[in-house]
Protein chains: 2
Amino acid sequence: MQSDKYDKSKRFDKLKESKKIARKRPTINDVAQLANVSTATVSRCLSKPELVRPDVRTRVEASVVELGYVLDGAAKTLKTHQSKTIGVIVPTLEIGGYASAIQAFEKTVAAEKYTAILGVSDFDADKELQLAHNLAEKGVDGIMLIGMDSDDRLISFLEKVHIPHVNSWHFRRDSKYHWVGFDNRAAIQAITSYVFQHGHRDVVFFVGGAEHANARTELRRQGFMDAISDYNLEFSEGLIFEVPYNSKASQLEFHRLWSLGNRPTAVICANDILAIGVLRACKQIGLRVPDDISVTGFDGLDIMADLWAPITTMAVPAKQIGEESGNCLLNLLTDKNPKTLTELHCTLIEGGSVKSLI
Amino acid sequence: MQSDKYDKSKRFDKLKESKKIARKRPTINDVAQLANVSTATVSRCLSKPELVRPDVRTRVEASVVELGYVLDGAAKTLKTHQSKTIGVIVPTLEIGGYASAIQAFEKTVAAEKYTAILGVSDFDADKELQLAHNLAEKGVDGIMLIGMDSDDRLISFLEKVHIPHVNSWHFRRDSKYHWVGFDNRAAIQAITSYVFQHGHRDVVFFVGGAEHANARTELRRQGFMDAISDYNLEFSEGLIFEVPYNSKASQLEFHRLWSLGNRPTAVICANDILAIGVLRACKQIGLRVPDDISVTGFDGLDIMADLWAPITTMAVPAKQIGEESGNCLLNLLTDKNPKTLTELHCTLIEGGSVKSLI
DNA sequence: AGTTTTGATGTAATCGATTACATTTTTTAG
DNA sequence: CTAAAAAATGTAATCGATTACATCAAAACT
């Protein structure tokens, strides 16, 4: 094996030199030397202090402080194959619910000394895949996926590299993977039924997605149709309006619809942002809510109660999702076997924006 | 140096064994073997592909795909002392502006292949310090601090371990560190003056903080006082109400104030959340806005225009802060010398919630 | 053809921790 | 007081990349 064709002497000289010159952060060796113990003892002081004699421990700790020693996580990770790090992939932080979920997630895993690494996918499946690859290189111990029904490529990649993951926000019943969330379809069905119960029959459905349609959008459409068929009403594609996820877009869409003579008695929106846009259009047109038209949202933003017409909406358990996803992943990481499906529930918040026609 | 007191043979046996058993991810060695090149060549293919002959490169790339090789970032970081990772410390994600700033920041640094590591400090200086220590261990190349006027301990820690950082949101003029943000004091002064210009003289100031007062809160108080003295009005501590950062708290506070017979003509709020709470209280009391009382917010939430009384507010350049902080840090990391202070500006958004008394 | 230059590839030390096992020290038991 | 057991500490291989330098190959000059 050993080959003699290289002359190593020169390199050594150079290396020694640079060692003298470069100002580096102190290493475990420096601490060991100062405290007059071996590196093993220092390492133990840091990770399993109960294994080292109190007086030695004190000496080591003093050296750590004196040198301002900070452990090199890269070296530790390399040796232990554990980074104490969890990746979070989210479509956007601009959706308040996602931000809340992440915050709750971070808090949950931080309690077990895990750090969150953030990736924003912008609803782009390719970017999402790339983020996952990046996170894998960073050595994350697990990954949390929020609010997207992820690409199969992504899931199979995670399987291949053995990174445990949790899907969150909504869920799929028929999956072998771990999900934490609510039943999107049922929740939309519920709020739609609520509108029907109030006697509305001429309703339209605004759903975000146009640009980045995904399974979630699809589930929402289905929830709407479920309610329609529950009430034996007639469904037509024309009742569904796909709108980009922002209030301006839904505002314009409602104007367009209204100007074409489409005059529903109620507008059901698949999220609060769209509802806000509709509300703006109503104000401009001069429609009173709910007297002239009923409007519902979905997400449960606090703010919905403070609009010029308080809007009935469905509160999504964002914080819970974050916590439960965190717990689920923590269990996965300690080989406990968490439930495959953690179902959480939405709550209808009546704002009074649905007029009773009966 | 070499000591003979250890018998190494047993250990080797054990190690070889475990190697056979353990299912590991493929390493650069495996790729090298399969492609029939040295590890050096594989490494070059991955980081400087132009240095390797196309045919070899193709062979290596094929091996990478075949084995499903994922580079071990920990090993790379250990050797290169670069993690391509940036820490972000934020008090909370529940404040929409912070989330926007982080998102913009992430996008900016991601373009240069940096990944963001998130830490939520909950307005707690100790937790913040601990987060910084954690991030240092993780080996972040830089740190972005949002929305807090950070502890001196934090800053000196970062100096000691040589981690470049950017402070953001508001700024301090007299600092040798890097700041990206707006002039908090001046912005509050501006919106307060706006209210005075409309003839109001009997105003109160709601400022968030009570629980976690910091320099930022202090600057806002000062901005308010600046405007007062500009208009030669008389200042009293009783004009300032410190309220926890949530709408419920400010709602209650306004009720309390009103019931005590304090009847200002305008309420200036240091953030939109507080303004929303005040608005709720007004509605409950039966006060019309702005006819009976004027209210202003601060932050520029889109939603302020859709409340039952559209609120005048000051838009904060959150996205810009994220982008510019990102650029600043990127420059810092490449030894370019960015400006110490990047001043951004707020924009007054007139919602009509300030009645003209003249 | 021989020499120099340029380009591509290989060798193996190195980064800074952890940890199995060896060794030494201390405690406990007899 | 000694032997055995338990506790504390030390040694040095190891994790998986990178990269300085050496070497070899091919192209560009004389």
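Chain identifiers are assigned alphabetically (A, B, ...) following the order of the sequence lines, protein sequences preceding nucleic acid strands; residue numbering begins at 1 within each chain. Note that the structure is a prediction, hence the values are computed from the model and not measured.
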Go through the structure and list residues passing salt bridge (charged side-chain N to carboxylate O under 4.0 Å, His left out) with [X], not counting sequence neighbours.
X: B:E159; answer: B:K176
X: A:D126; answer: A:R153
X: A:K127; answer: A:D122

Taking side chain to side chain donor-acceptor pair (under 3.5 Å) as the definition, give me every residue that meets it alongside A:T340, ordered by chain and number, with sequence neighbours left out.
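Listed in chain order: nothing, the list is empty.
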Could you tell me whether the phosphate oxygens of D:dA17, OP1 or OP2, come under 4.0 Å of any side-chain nitrogen or oxygen in B:S43?
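For D:dA17, OP1/OP2 do not have a side-chain N/O of B:S43 under 4.0 Å.
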I need the [atom1]-[atom2] distance between [X] and [N], as an integer number of Å.
X: A:N29; N: C:dT18; atom1: CG; atom2: P; value: 12 Å
X: A:Q33; N: C:dG16; atom1: CD; atom2: P; value: 13 Å
X: A:R57; N: D:dA8; atom1: CZ; atom2: C1'; value: 12 Å
X: B:K48; N: D:dA20; atom1: NZ; atom2: C1'; value: 11 Å
X: B:Q82; N: C:dT14; atom1: CD; atom2: P; value: 22 Å
X: A:K84; N: C:dA17; atom1: NZ; atom2: C1'; value: 17 Å

Below 4.0 angstrom, which residues in residues 66-81 of chain B have at least one non-hydrogen atom near DNA chain D?
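Correct list: B:Y69, B:L71, B:D72, B:A75, B:K76, B:L78, B:K79, B:T80.
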Between side-chain atoms of residues 30-38 of chain B and protein atoms elsewhere (two or more places apart, or another chain), which donor-acceptor pairs fall under 3.5 Å?
{"unit_1": "B:D30", "atom_1": "OD2", "unit_2": "B:T27", "atom_2": "N", "d": "2.8"}
{"unit_1": "B:S38", "atom_1": "OG", "unit_2": "B:A40", "atom_2": "N", "d": "3.3"}
{"unit_1": "B:S38", "atom_1": "OG", "unit_2": "B:T41", "atom_2": "N", "d": "3.3"}
{"unit_1": "B:S38", "atom_1": "OG", "unit_2": "B:T41", "atom_2": "OG1", "d": "3.4"}

Are the side chain of B:D141 and the backbone N or O of B:S83 linked by a donor-acceptor pair below 3.5 Å?
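Confirmed, B:D141 side chain pairs with B:S83 backbone.
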So, the side chain of A:S156 versus the backbone of A:D152: is there a donor-acceptor pair under 3.5 Å, distance only?
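Indeed, once roles are kept as given, a pair shorter than 3.5 Å links the two residues.
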For A:T39, answer base if it contacts any base atom (sugar-phosphate contacts may also be present), sugar-phosphate if it contacts only those atoms, and nothing otherwise; contact means non-hydrogen atoms under 4.0 Å.
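Touches a base.
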Could you note down all residue pairs passing salt bridge (Lys or Arg N to Asp or Glu O under 4.0 Å) where residues 52-62 of chain B supplies at least one of them, sequence neighbours left out?
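Of all non-adjacent pairs touching residues 52-62 of chain B, those that pass salt bridge (Lys or Arg N to Asp or Glu O under 4.0 Å) are B:R53-B:D55.
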Using a 3.5 Å cut-off and no angle test, enumerate the donor-acceptor pairs between side-chain atoms of residues 64-76 of chain B and protein atoms at least two apart in sequence or in another chain.
{"unit_1": "B:D72", "atom_1": "OD1", "unit_2": "B:A74", "atom_2": "N", "d": "2.8"}
{"unit_1": "B:D72", "atom_1": "OD1", "unit_2": "B:A75", "atom_2": "N", "d": "3.2"}

In this structure, which stretches of DNA chain D are paired as stems of three or more consecutive Watson-Crick or G-U pairs, both distances less than 3.5 Å?
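C:1-30 with D:1-30 - these are the stems of 3 or more pairs that involve DNA chain D.
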Under the rule for side chain to side chain contact (heavy atoms under 4.5 Å, CB included), what residues qualify as partners of A:I163, not counting sequence neighbours?
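So A:I163 forms a side chain to side chain contact (heavy atoms under 4.5 Å, CB included) with A:A136, A:V140, A:I143, A:L158, A:V161, B:R25.
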Check side chain to side chain contact (heavy atoms under 4.5 Å, CB included) between B:T115 and all other residues, then give those that pass, not counting sequence neighbours.
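With neighbours one apart ignored, the set is A:I117, A:N134, A:K138, B:T85.
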Pairs under 3.5 Å (N/O, protein and nucleotides 7-9 of chain C):
{"unit_1": "C:dT9", "atom_1": "OP2", "unit_2": "B:R53", "atom_2": "N", "d": "3.0"}

